[in-house]
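The figures here come from the full heavy-atom set of this structure, side chains too, leaving out hydrogens, waters and symmetry mates. Lettering follows sequence order; numbering is per chain, from 1.
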There are 2 protein chains.
Amino acid sequence: MAARHEQIAAELRRAIRREEYPVGSRLPAETELAAQYGVSRGTVRQAVAALTAEGLIGSRQGARRVVLADHRSQSFGELRSFAQWAEAMGRTATGHVVSQEYRPATAEDAARLHLDQGVPLLNVLRVRGLDGEPVLIERTVYADWISPTVAALPPDCASVTQRLNEETGLVFAHGEHVIDAVAAGARDADLLALRRTSPLLRVRRVTTTHDGRPVEWSDDRYRPDAVSFTVHNSIANNALVRTTAG
Amino acid sequence: MAARHEQIAAELRRAIRREEYPVGSRLPAETELAAQYGVSRGTVRQAVAALTAEGLIGSRQGARRVVLADHRSQSFGELRSFAQWAEAMGRTATGHVVSQEYRPATAEDAARLHLDQGVPLLNVLRVRGLDGEPVLIERTVYADWISPTVAALPPDCASVTQRLNEETGLVFAHGEHVIDAVAAGARDADLLALRRTSPLLRVRRVTTTHDGRPVEWSDDRYRPDAVSFTVHNSIANNALVRTTAG
DNA sequence: TAGTGGTCTAGACCACCGG
DNA sequence: CGGTGGTCTAGACCACTAT
């Protein structure tokens, strides 16, 4: 059973989508919604906070909330594992290991995974695809304490995240992602069936457990015609806001 | 005077940075913090929610919060104007207009700005830099109702956002950003002093007022060696969304 | 000035984690 | 099992918006 505030958030999303609250219109006041759903104002605030974070509505002190959009930009792509994300999009994730070998931890490996330099770590190069079409190259380095388990996985495993969770209870709880762009190298071009120097969207990420212990880090390169990232933002404060020129 | 929960959030950030709560350690319980700061549990929860969103701490039902990092990188949640962002990084934003002309709204312009096709809109091409070095090309199209004001700005205006706010009270309240990568065209390469086909980090964005009315949309291309973006995410808590083309 | 969202309190119960 | 965070209530006052 989902929490009441989540149910209300879901109902509001549906109401917005079916244009009961059209884009540009104003949402009822918190107190009205509270009465309508038979909950306290705090619970309503939890619900609308979720929609605000999704960019569906905008909020300002003193003014009714405004409907900004009627859909999340490709909802549910929540930056989870590639396989989970693909499934949520109604597509099939594929993947296979191109190469897999132990190498001594480089200085960069040591820094990102909080390990000592020289420790043998599993380096895996995977190509992953949507409905069979390759869209992503992953170059992942695993911490020493998880390397053996990863090495034992079948080379065509569709969801490493899920398998590791099932087999060891490991949870990929947090991630830090740095996004930029790079030119495809010879290897990248070959694996993704592109020309060399084609632009690729790169995400370098470190994944950790609940308590912040690094599990893996990865250099992921996406075909930019197949995958992009979306983010909403709103101004936090009225610091810069000043109304009406004299 | 900042809200009490913001003061507490700020104190916790400082405490984490000075390693009173080192990375990997656990924060005191909510009730302890509440007693410590002389506030109710709800106020403490507002404060720690902010740190959670920033990726500084992790949260799970039943377990103490964990310190994940002692600093925060520039996050997408607070994507601001280029000038403000540069200032926050301690650098100086520069910029100048390369070309500026009215063109009839294309189908894409009309869709993104919610206007009719064919309406004359101001198209501006700007090069922007950090400390004088060019890092970004902006191709911006302004809605018809703001075009004249923008056209009248000085061509070397460092912060268009700020000038428009001062002169008309306009507030850039919301933004939606789609991030991918493209190869530099001949013009891009020339303006950024790069080779053609160099990879560029592209952000296509639509900016709106408080009530969701589009003000401008822009195709921004960054030199990936000069600018990248960082995003934190936790399981079931995500600002960033990954989307497929199409 | 009336209405609205933002903040804060002081309780309560439950789901979950850990030893 | 005790402790903890997640949820929810029913108030109160304040800051700000809109008219």
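Salt-bridge check for B:Arg204 with B:Glu176: failed, with every basic side-chain N at 4.0 Å or more from each acidic carboxylate O.
Other residues, nucleotides and ligands contribute more than 12 heavy atoms inside 6.0 Å of the CG atom of A:Asp156. In this structure, A:Gln162 places its CD atom where only 12 or fewer heavy-atom neighbours from other residues, nucleotides or ligands lie under 6.0 Å away.
Side chain of B:Gln100 to backbone of B:Ala151: a donor-acceptor contact under 3.5 angstrom is found. In this structure, B:Asn165 contributes its side chain and B:Leu170 its backbone to a donor-acceptor pair below 3.5 Å. Side chain of A:Asp220 to backbone of A:Ser218: no donor-acceptor contact under 3.5 angstrom is found. No donor-acceptor pair closer than 3.5 Å links the side chain of A:Arg205 to the backbone N or O of A:Glu216.
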Contact letters for nucleotides 3-9 of chain D, in which S counts primed atoms plus P, OP1 and OP2 and B counts the base, heavy atoms under 4.0 Å: BBBBBSB
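Comparing the end axes of the helix from C:dT1-D:dA18 to C:dG18-D:dC1, each fitted to five base pairs by superposing C1' atoms of four pairs onto the next four, gives an inter-axis angle of 20° (nearest 10 degrees).
DNA chain D is contacted by no residue of residues 165-173 of chain A, taking any non-hydrogen atom closer than 4.0 Å.
Partners of A:Pro155 by side-chain contact (heavy atoms from CB on, under 4.5 Å), not counting sequence neighbours, listed by chain and number: A:Val97. A:Glu30 meets the side chain to side chain donor-acceptor pair (under 3.5 Å) test with A:Arg41, A:Arg45, A:Arg65; sequence neighbours excluded. Residues satisfying the side-chain contact (heavy atoms from CB on, under 4.5 Å) criterion with B:Ser147, sequence neighbours excluded, are B:Tyr102, B:Leu122, B:Tyr142.
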